[in-house]
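Everything numeric in this text was worked out from a predicted model, so none of it was measured. First the proteins, then the strands, lettered A, B, ... as listed; each starts at 1.
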Amino acid sequence: MNPSPMQTDYLNIETSLKSWLLTRDHKRIAWLYLGAVLFFFVIGAIAAAMFRIELLTPKGDFFSPDFYNRLFTIHGIVMVWFFLVPVIPATLGNFLLPLMIGSKDLAFPTLNLVSWYVFVVGGLFTIWTVAAGGVDTGWTFYTPFSSVYSNSNTLTAATGIFITGFSSIMTGINFIATIHRMRAPGMSWLRLPVFVWTLYSTSLIFILATPVLSTVLILLFLETQFGMGFFNPVLGGDPLLFQHLFWFYSHPAVYIMVLPAMGIVSEIVPQFARNKIFGYRFIVGATLAIAVIGFLVWGHHMFVSGQSLYSNMIFSFLSFVVGVPSAIKVFNWTATLYRGSISFEAPMIYALGFIFLFTIGGMSGLFLATLSIDVHVHDTYFVVAHFHYIMVGGSILALLGGVHYWFPKVTGRLYPERLAQGSAWLIIAGFNFTFFPQFILGYMGMPRRYQSYPDRFQTLNVLSSAGAFILAVGYLLPFLYLTWSLFKGAKSGPNPWNSDGLEWQTSSPPIKENFAHAVTYGFRYLTEEAKSNGVET
Amino acid sequence: MQGVKSDLFVFAGLLMLLIMTVVGSYWPLGEGLLIWSLAISSLKAYLIIRFYMNFRAGDRATKLFPYLAGVGLFILLLLVSTDFLTR
Amino acid sequence: MNSFYRSILHDIFPREGSQYAADVDAMVLLLTGLCIFVFLGIMATLLVFSIRYRKKNQRTDVPNRSSNTWLEVTWTIGPLIIFVGFFSFTLGSYLKAEIPPDNAREMFVVGKQWMWKFQHEEGPRELNEIHLPMGGPVRLVMISEDVIHSLYLPDFRIKQDVLPGRYTQLWFTPERKGVFTIHCAEFCGTDHSRMDAKVTVMDPLEFDNWLKSVSTNSTLVDRGRILFESHGCVSCHNSDTIDQAPSLADSYGKTVKLDNGDAITIDENYLRESILDPQAKKRAGYRPIMPAYARVFSESEVIALLAFLKSYSSHRLEIDSKREPGESQ
Amino acid sequence: MKTSAEREGQEPDIPNDSNINLGIWIFLLTEAMLFGALILCYSVMRILHPAAFNTASHLLDWKAGTLNTAILLFSSFCMAVAVRASGKGKSKGTSVLLLVSASLGILFLAVKGMEYHSEWLKYLFPNDEFTFAGPDSAFVKLFFNAYFILTGLHAIHLTFGILWLSGLGIASWVSPQFHRRYPNAIDCAGLYWHFVDIVWVFLFPLLYLVGGS
């Protein structure tokens, strides 16, 4: 696989299937996670393409209504729990965290492998749900519909997500222990790369929020199977209790999805602007602030669901406050370009695309935080556009940027630069075609999860469906040329971007033990003197 | 033996707190009983964490997480009960 | 704005059925303007920096310090002040939209899997169709018989989830004649996207003629009185058995003491809960002898009983005399 | 108790034991959030139906609950002394104390089992045969739902703890240098055991006593 004289690295040191399936090397586990997560991305994308076809016509006559409901539910469940939540922490995070802090591996390598198997078992339950006909409750499982009135496979879907939750908890524990205990001597907290900081905050959210999801899924299972009554008003419960517990996890979960993406952008922008990140301490402060305030704002999902007026006002105010750290980050990224020497390779295009789309997504969040506007646009396509701008325009764009930026480090090969830049522009264009019309649809009053809609919404829906296909083509391109260059790409050498990051100071692809010599000095921007003492490329 | 003696004191304290909780339920506290029993349980939890789980011996990292659990639970309980109490 | 701009705007904004809708639209335009201004500022800076500082020579050394605390503090406090300012500015209109006026015309809405049942006070019942007089405020008291639905009137910019087991309310003042659509905004099952209804807003005179043409012989209050008597409620709740059960004359809107000591104002939710589960919030000084009617009454029967109990109270009477059609909020 | 710094020079292939200690503390945080959310559900149901929950909690046998709390506190005490003994290297003493703690846990489960049995006979288990004469029997059934979920999940966690402690007890009895090779195993089992005890410390008054007697 590696034509140059046999330089042993973590990929070709042993290539038996057993060595892959029982590996404790964080770099190989990252590959295992990438495979599992991409498999689920394909399922979610197919479901999305199917209901985008359905929405071409106002009548809703392509699929049966029940099948349509199952389509968007599977799209929601698979994309949230099996793609967006694990993708950046478990693939790029797993691979790069030990390299960025100069350690041999994560704190608990076996736990890392166990978390992958737990993720796969949870995934099998979800595949069983899809095979058995899917679930028709929407990814939010609102009771009493999901527990009493839905006769689809809510139980297997809830079990699948319950099990995958433990894989998130294990990753969280692993990352926190690693960052606390395994940093290279000399690498103090304020010398950590920003990507490591975002992984730390994401792990804090993993361990604080995921258990509450496990609780609510246990109760949903018991309510559906034994008619327990916590969420069923007929038996004395309150459906809003379910919504409170569900959104206590699900809002911090959206910060789990976007924080690592912000970390990647905070690595790419300074690198390609040949500049130090502007206001490192404020970006780190903003990351931790997002993790903390992110736990205070879940009520903005329930402004119209019968929550008390007093709670509405508190959550609306806090939802405005949580916008401030994100604004700080956008300002800091822009300021990093000042007096830089900016080059526009593919990762930089993805990063700038992230800033562009994330700013739109964040600002639309302000509309949703305003009580009287949210009353109008809640549960409409405005909300769909808002979170897709942040999840797809933000996290997936940053993920692609990160994959391209660290591709030489992971595989030791270069990707085709022109083709990568072209596909980046295509994705950004396709994305805007798909989701910007949905802002207008939302404000015009088209509710979410609607199979048939009034005729006056058709033009915008057709535009959105067309955009969806451009986006699909856009996603296909990197998949193809990255797989191609995995085998045929030109050799990249240890540090093609001439980066100062600690992960680039070792060979690419790195050897099994990551660093040939003990890493003694970990400050990111190494002066000449530091480069000579012991950090050998 | 010094350690075991302090454990013994802690055990005695815990038993005494248990008795106070049970006795408290006899008093006509009405709604106050909930606050009384929660206060005593938190005190017992503090004793266990501080002495039995040797909270002080851990370094800064291990100390962070009990506090974090407390803050997380406080946020969850506070904001959810606000909704149900002010409805 | 002459009609040309209005037609373009009409494609983006749904029609304005009420003054409140216009307020919300104004707020949205203000926030959009603010966001576009800041967004263009950031994107322009991004563009200028990208062009101005693009890579000319291969720079190896990296400037050591790049941070400016005062700049950071300003763009932390700045957004905070703008956001909090906008929050407090828009809070007023939300509170107005949440608290209905006393003289609103009351309608009962029952959401059921995939249909809406509307119940006028004067008696007529409508399915997926509601007729309203223009001008007067209307208050919808809503409940669901199965799952959570959400009554969404895009042209009036309001929406409220309809919960099973509890009344939720929604009020608006239709100020424009015409036919407006109602959607269900909370996912409720197979035909969630077909659970639409129509609002027809008419002149008050037209509305009165329509009301006469469809009104059946018995009003809602009559239906409530029949239920009240046929189910034996009157045997305990009458004026001469005060010690056995509280007399329900003018109970609606009154504050009463409960067993556990705290006082509660009697509203629809309290009345409904006390009918279905009397011991939940029993009034102080009465023995728990009232049977629970949880499985006995359907939602529309409870609504009829409520209408009767409310008309039974003086608090209700003096409002009726004050309310004339055409009085806007 | 050796501080984590002393344990620094560990062989890298066994995960650095002070990491395991930190890992267990983080794991206990996730368990605390799990039980916290369940207790939140219980207290919200109590806010919605105060009267029914008061009458329902009188049906529970608070004497058994108090006894159980005392048993668990005593087992926590034995566990703390066991951790101290393993720190000083007395492996025989440690294993005896570990087995004592485990057996106290089994005693707790026995008392709990008897309680469950008596409630089962009184048809208080919230299945279809649930019968309760007084008012709001639906909400009393809701209380017993919460009661069985909370105490059931706690009992499951206790069972894991018992297996863990007895395993360690036997291991350190069989091979005296067990605790030198794995100095952290007993320390972590102790943390877990004390946590399960703390959960019961909160559950007992909330379920048994808040109705007042």
Side-chain angles (χ1 to χ4, degrees), chain A residues 60 65-66 69 138 142 144-145 149 233-234 239 274-276 278-280 282 304-306 309 313 316-317 320-321 323-324 327-328 330-331 334 337-343 352 355-356 359 363 366-367 370-373 375-376 378-379 440 443-445 447 449-454 500 525, chain C residues 12-14 24 27-28 31 35 39 42-43 45-46 49-50 53-57 59 62-64 66-67 72 75-76 79-80 83-84 86-87 90-91 93-94 97-98 146-148 150 152 154 157-161 163-166 168 181 183-194:
Chain A
D66 193 47
N69 295 342
Y142 271 13
F145 177 70
Y149 288 86
V234 170
R274 295 305 301 165
N275 214 343
K276 200 162 122 22
F278 185 87
Y280 171 87
F282 275 82
V304 285
S305 65
L309 183 66
M313 289 196 287
S316 171
F317 177 75
F320 271 108
V321 170
V324 173
I328 295 170
V330 169
F331 294 137
T334 316
L337 301 179
Y338 180 64
R339 283 224 196 95
S341 153
I342 306 165
S343 59
L352 296 178
I355 297 175
F356 178 80
T359 308
M363 285 182 169
L366 293 180
F367 289 77
T370 318
L371 283 165
S372 39
I373 302 176
V375 161
H376 173 52
H378 177 70
D379 263 344
I440 304 167
Y443 200 78
M444 284 168 71
R449 297 167 171 168
Y450 254 41
Q451 182 192 22
S452 68
Y453 49 83
D500 304 318
Y525 288 93
Chain C
I12 298 170
F13 287 89
V24 171
M27 226 185 293
V28 166
L31 188 56
C35 288
F39 178 73
I42 299 173
M43 288 310 133
T45 329
L46 210 69
F49 283 171
S50 301
Y53 300 109
R54 71 186 173 289
K55 189 168 77 113
K56 295 186 204 54
N57 45 34
R59 184 212 305 237
V62 170
N64 221 345
S66 114
S67 169
E72 294 275 0
W75 67 38
T76 308
L80 191 64
F83 292 166
V84 170
F86 190 79
F87 166 74
T90 56
L91 194 57
S93 85
Y94 174 72
E98 276 300 303
D146 36 44
V147 291
I148 298 178
S150 182
Y152 177 31
R157 312 290 187 278
I158 46 166
K159 162 193 300 110
Q160 178 58 46
D161 275 17
L163 300 173
R166 182 158 70 88
T168 50
T181 53
H183 293 299
C184 171
E186 182 55 59
F187 181 69
C188 58
T190 315
D191 279 348
H192 163 61
S193 50
R194 287 169 180 74

- request: I would like to know whether C:Thr90 and A:Ile373 meet side chain to side chain contact (heavy atoms under 4.5 Å, CB included); could you show each step before the answer?
  value: CA-CA 9 Å; C:Thr90 56; A:Ile373 302 176; 5.8 Å; no
message: Run the side chain to side chain contact (heavy atoms under 4.5 Å, CB included) test on A:Phe367 and C:Cys35 for me, step by step, so that the C-alpha distance in whole Å, both residues' side-chain angles and the decisive distance to 0.1 Å come before the verdict.
response: CA-CA 10 Å; A:Phe367 289 77; C:Cys35 288; 4.0 Å; yes
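Only the side chain of C:Glu98 has a heavy atom closer than 4.5 Å to any heavy atom of chain A. For a residue to count as touching a neighbouring chain, one of its non-hydrogen atoms must lie under 4.5 Å from one of that chain's; by this rule A:Tyr149 touches chain C with the side chain only. When heavy atoms are compared at a cutoff of 4.5 Å, C:Phe87 approaches chain A by way of both its backbone and its side chain. In this structure, no portion of C:Ser150 lies under 4.5 Å from any heavy atom of chain A. If you measure heavy-atom distances from C:Leu46 to chain A, the contacts under 4.5 Å come from both the backbone and the side chain. Only the side chain of C:Leu163 has a heavy atom closer than 4.5 Å to any heavy atom of chain A. For C:Ala185, the parts lying near chain A are the backbone and the side chain together; criterion is any non-hydrogen pair under 4.5 Å.
A distance of 5.0 Å separates CD in A:Gln451 from CZ in C:Arg194, rounded to the nearest 0.5 Å. Going from atom CD of C:Gln160 over to atom NE2 of A:His378 covers 10.0 Å, rounded to the nearest 0.5 Å. Between the CZ atom of C:Phe83 and the CG atom of A:Leu366 there is a distance of 4.5 Å, given to the nearest 0.5 Å. Between the CZ atom of A:Phe145 and the CZ atom of C:Phe187 there is a distance of 4.5 Å, given to the nearest 0.5 Å. Summarising the geometry, atom CE belonging to C:Met43 is positioned 7.0 Å from atom CD1 belonging to A:Ile355; distances are rounded to the nearest 0.5 Å. Here C:Met27 contributes atom CE and A:Thr370 contributes atom OG1; the two are 8.0 Å apart, rounded to the nearest 0.5 Å.
When each of A:Val321, A:Thr359, A:Val234, A:Asn69 is checked for heavy-atom pairs under 4.5 Å with chain C, A:Asn69 comes out on top. Highest contact tally toward chain A, considering only C:Leu91, C:Thr76, C:Thr168, is held by C:Thr76 [criterion: heavy-atom pairs under 4.5 Å]. Chain A forms more heavy-atom pairs under 4.5 Å with one residue of C:Thr45, C:Asp146, C:Val84 than with any other, namely C:Asp146. Of the residues considered (A:Gly138, A:Ala327, A:Ser305), A:Ser305 shows the highest number of contacts with chain C, using heavy-atom pairs under 4.5 Å. Interface remark: of the candidates A:Pro447, A:Gly306, A:Ser372, A:Ser372 forms the most heavy-atom pairs closer than 4.5 Å to chain C.
Taking the side chain as every heavy atom from C-beta outward, C:His183 and A:Pro454 approach each other to under 4.5 Å. Counting heavy atoms from C-beta on, the side chains of A:His376 and C:Tyr152 come closer than 4.5 Å. Taking the side chain as every heavy atom from C-beta outward, C:Glu186 and A:Asp379 approach each other to under 4.5 Å. Side-chain contact between A:Phe278 and C:Glu72: present, with at least one pair of heavy atoms (C-beta onward) separated by less than 4.5 Å. Under the 4.5 Å side-chain criterion, counting only non-hydrogen atoms from C-beta, C:Pro154 is not in contact with A:Met444.
Side-chain atoms of A:Tyr450 come within 3.5 Å of backbone N or O of C:Cys184 as a donor-acceptor pair. In this structure a side-chain-to-backbone donor-acceptor pair under 3.5 Å is missing from C:Asp191 to A:Pro65.
Considering all non-hydrogen atoms of both residues, C:Ser50 and A:Leu337 come closest at OG-CD1, 4.1 Å.
Every side-chain contact (heavy atoms from CB on, under 4.5 Å) that A:Pro233 has, sequence neighbours left out, goes to A:Pro144, A:Pro239, C:Pro164.
More than 12 heavy atoms of other shown residues, nucleotides or ligands fall within 6.0 angstrom of atom CZ in C:Phe39.
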